[in-house]
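Side chains are part of it too, since the values below use all heavy atoms of this structure and drop only hydrogens, waters and symmetry mates.
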Amino acid sequence: MFKKILVAIDGSNQGNKALDSAIAIAQGAEGELHIMHVIKNDMVPSYVLAELSTISFQVDFIEVARKHGDTILELAAEKAKQAKLTTYTHLLEGDPARMISSFAEEHDMDLIVLGSRGLTQMKEWMLGSVSHRVSQYAEKPILIVK
């Protein structure tokens, strides 16, 4: 039933549980696994960047985030390949909930798998969790793993 599975991971314990679930589902369906990590494009507020510009060194936060995302994806892909799955990795930038939802639609995914939360409860209350927002945006079936 679920041949094309998208799992979005963020390096958290919940993300790792979602990956494990997605691997199990893909194995059972002899499907392919798409592993995604989304870099939030507003992860460093502009007022912080303005303050840092007065310091003598510059840090390219997006580049650091890309390297971190690549590492997360490499580890996840290795785990999936050990399970003998056809695996694809995707590193995207933007609003995570919208990127996950639109990717699933554009690439005709059969299932989206997400961890229940990667943020603290206070941040989740203030920002809204990605899993909750994906459940509202996406047209595809969603499995939220606790």
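The two residues Ala8 and Ile100 have their closest heavy-atom pair at CB-CD1, 3.5 Å. The minimum heavy-atom distance linking Ala77 with Thr89 is given by the pair CB-CG2, 3.8 Å. Shown here for Ser116 and Ile144, the closest heavy-atom pair between the two residues is CA-CG2, 3.5 Å. For the residue pair His37 and Gly69, the shortest heavy atom distance occurs at CD2-CA, 3.5 Å. Taking every heavy atom of both residues into account, His107 and Lys4 meet most closely at O-NZ, 2.6 Å. Residue Ser135 comes nearest to Ile142 through the heavy atom pair CA-CD1, 3.3 Å, listed as atom of the first residue, atom of the second, then distance.
With values rounded to the nearest 0.5 angstrom, Ser12 atom OG is found 9.5 Å from Lys17 atom NZ. Between the CG atom in Asn16 and the CD1 atom in Ile72 there is a gap of 9.0 Å [rounded to 0.5 Å]. Annotation: the span from Ile9 atom CD1 to Leu114 atom CG amounts to 11.5 Å, rounded to 0.5 Å. One finds the NZ atom of Lys81 at 12.0 Å from the CD1 atom of Ile23 (value rounded to the nearest 0.5 Å). Distance check: Tyr137 OH to Asp95 CG gives 6.0 Å after rounding to the nearest 0.5 Å. In this structure, OG on Ser102 lies 8.0 Å from CG on Leu92, to the nearest 0.5 angstrom.
Contact of the Thr71 side chain with the Lys67 side chain is not registered, since no non-hydrogen atoms from C-beta on lie closer than 4.5 Å. Side-chain contact check for Leu33 versus Leu19: some heavy-atom pair is nearer than 4.5 Å. Contact of the Ile25 side chain with the Leu143 side chain is registered, since non-hydrogen atoms from C-beta on lie closer than 4.5 Å. Taking 4.5 Å as the limit, some side-chain heavy atom of Ile39 sits within range of a side-chain heavy atom of Leu91. In this structure, His90 and Leu73 have side chains that are not in contact, with every pair of non-hydrogen atoms separated by 4.5 Å or more. Leu85 is listed as a side-chain neighbour of Gln27, based on a closest heavy-atom distance under 4.5 Å. Counting heavy atoms from C-beta on, the side chains of Lys3 and Glu32 never come closer than 4.5 Å.
Leu75 and Met36 are not part of a single hydrophobic cluster, where members link through side-chain heavy atoms under 4.5 Å apart.
Between His34 and Tyr88, the angle of the ring planes stays under 30°, which puts this pair in the parallel group of the 30/60° scheme.
Electrostatic pairing of Arg66 and Glu63 counts as a salt bridge here, judged by a charged N lying under 4.0 Å from a carboxylate O.
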